[in-house]
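Structure first, commentary second.
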Amino acid sequence: MFKKYFGFSIALFGIFIVDRFLKNWFLLNAAENFGGIFGLAFRLVKNPGIAFGLSFNQPLLIIITITIVIILTGLLLNACRSRRSWESIALSLLLIGSISNLIDRWRYGFVIDYIDVSWFTVFNIADCLITVGVGILIFLILRIKKAN
């Protein structure tokens, strides 16, 4: 199974590296803002909470995130053993996005966001990976329910 998805794994690792690079770049260049065209800008936002402005205390967020990473790892290993390709892809996206945000939370006490969509929210590439992974899982669940 790993050989079959080697290219995907390399691409996903590359996306992880780009996200980590951008997070570090924006952290070091916090005063710089880019964009502002069509409601899209790039700037540093230190996000101490979780999605949609929900917040918890920092130690609890780290424990929750570590728990999610452990559960996702187990689910991913199970999906790979069972040769469930799309489930494996979705869980890989969730895992890599979660790990990238966990690194931020662990090192800095907040997640580094840098893509600012004025009519929506501020997020990062790791958040995009998580969102796509959840979207694929929802699609798979709906497809299974429709088949039954």
Side-chain angles (χ1 to χ4, degrees), residues 1-80 84-143:
M1 176 96 173
F2 183 74
K3 288 181 192 175
K4 183 177 180 180
Y5 295 103
F6 182 73
F8 172 76
S9 300
I10 295 297
L12 190 55
F13 182 70
I15 293 169
F16 173 80
I17 296 299
V18 168
D19 182 56
R20 297 303 316 153
F21 172 81
L22 288 172
K23 286 178 174 184
N24 287 326
W25 191 88
F26 277 100
L27 191 60
L28 294 173
N29 298 286
E32 297 191 40
N33 292 314
F34 299 94
I37 191 165
F38 302 116
L40 178 67
F42 299 92
R43 65 184 179 91
L44 172 68
V45 174
K46 298 175 181 178
N47 181 359
I50 57 174
F52 310 112
L54 299 174
S55 62
F56 295 97
N57 66 21
Q58 212 49 243
L60 181 60
L61 277 176
I62 290 174
I63 291 168
I64 290 170
T65 309
I66 290 171
T67 303
I68 289 169
V69 166
I70 291 168
I71 291 169
L72 287 173
T73 302
L75 291 171
L76 177 59
L77 292 172
N78 186 45
C80 288
R84 294 188 305 263
S85 301
W86 282 104
E87 188 176 332
S88 298
I89 289 169
L91 291 168
S92 296
L93 293 170
L94 284 165
L95 183 62
I96 293 298
S98 297
I99 289 171
S100 183
N101 285 342
L102 176 62
I103 291 169
D104 288 351
R105 198 167 302 288
W106 193 285
R107 288 182 71 192
Y108 309 115
F110 54 85
V111 172
I112 301 166
D113 289 333
Y114 49 83
I115 303 169
D116 185 359
V117 180
S118 64
W119 49 267
F120 182 54
T121 190
V122 183
F123 56 95
N124 57 49
I125 292 174
D127 296 338
C128 295
L129 294 175
I130 292 168
T131 302
V132 171
V134 167
I136 293 170
L137 288 177
I138 290 170
F139 173 78
L140 293 174
I141 290 167
L142 293 176
R143 192 177 76 180

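Because the structure is predicted, anything quoted here is derived from the model rather than measured.
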Sequence neighbours left out, what passes side chain to side chain contact (heavy atoms under 4.5 Å, CB included) with [X]? Give chain and number order.
X: Asn33; value: Arg43
X: Leu95; value: Val69, Leu72, Thr73, Leu76, Ile99
X: Ile66; value: Ile62, Ile70, Leu102, Trp106
X: Ile96; value: Leu12, Phe16, Leu129

message = Does Phe139 have more than 12 heavy atoms from other residues, nucleotides or ligands lying within 6.0 Å of its CZ?
response = no

ask   = Does a sphere of radius 6.0 Å around CH2 in Trp86 hold more than 12 heavy atoms from other residues, nucleotides or ligands, not counting ones at 6.0 Å or beyond?
value = no

What is the minimum heavy-atom distance between [X] and [Y], and which atoms define it?
X: Ala90; Y: Gly133; answer: CB-O, 3.5 Å
X: Ile115; Y: Phe42; answer: CG1-CE2, 3.9 Å
X: Gly97; Y: Ile130; answer: C-CD1, 3.7 Å

In Å and rounded to the nearest 0.5 Å, what is the [atom1] to [atom2] distance from [X] to [Y]?
X: Leu91; Y: Leu137; atom1: CG; atom2: CG; result: 5.5 Å
X: Thr131; Y: Ile136; atom1: OG1; atom2: CD1; result: 11.0 Å
X: Asn78; Y: Arg84; atom1: CG; atom2: CZ; result: 5.0 Å
X: Leu75; Y: Ser88; atom1: CG; atom2: OG; result: 10.5 Å
X: Ser98; Y: Ile103; atom1: OG; atom2: CD1; result: 11.0 Å

Listed partners of Phe8 passing ring-ring contact (aromatic ring centres under 6.0 Å, His included), at least two apart = none

Verdict with supporting geometry, Val117 and Phe123, side chain to side chain contact (heavy atoms under 4.5 Å, CB included) = CA-CA 8 Å; Val117 180; Phe123 56 95; 3.6 Å; yes

query = Do Ile112 and Asn124 pass the side chain to side chain contact (heavy atoms under 4.5 Å, CB included) test, and can you show the C-alpha distance, the side-chain angles, and the key distance before you say yes or no?
reply = CA-CA 7 Å; Ile112 301 166; Asn124 57 49; 5.7 Å; no

message = According to side chain to side chain donor-acceptor pair (under 3.5 Å), does anything in residues 10-24 pair up with another residue at least two apart or in another chain? List the pairs.
response = Asp19-Lys23, Asp19-Ser100, Asp19-Tyr114, Arg20-Ser100, Arg20-Asp104, Lys23-Ser100, Lys23-Asn101, Lys23-Asp104, Asn24-Tyr108

inquiry  = Between Ile125 and Ile15, is there a side-chain heavy-atom distance shorter than 4.5 Å?
reply    = yes

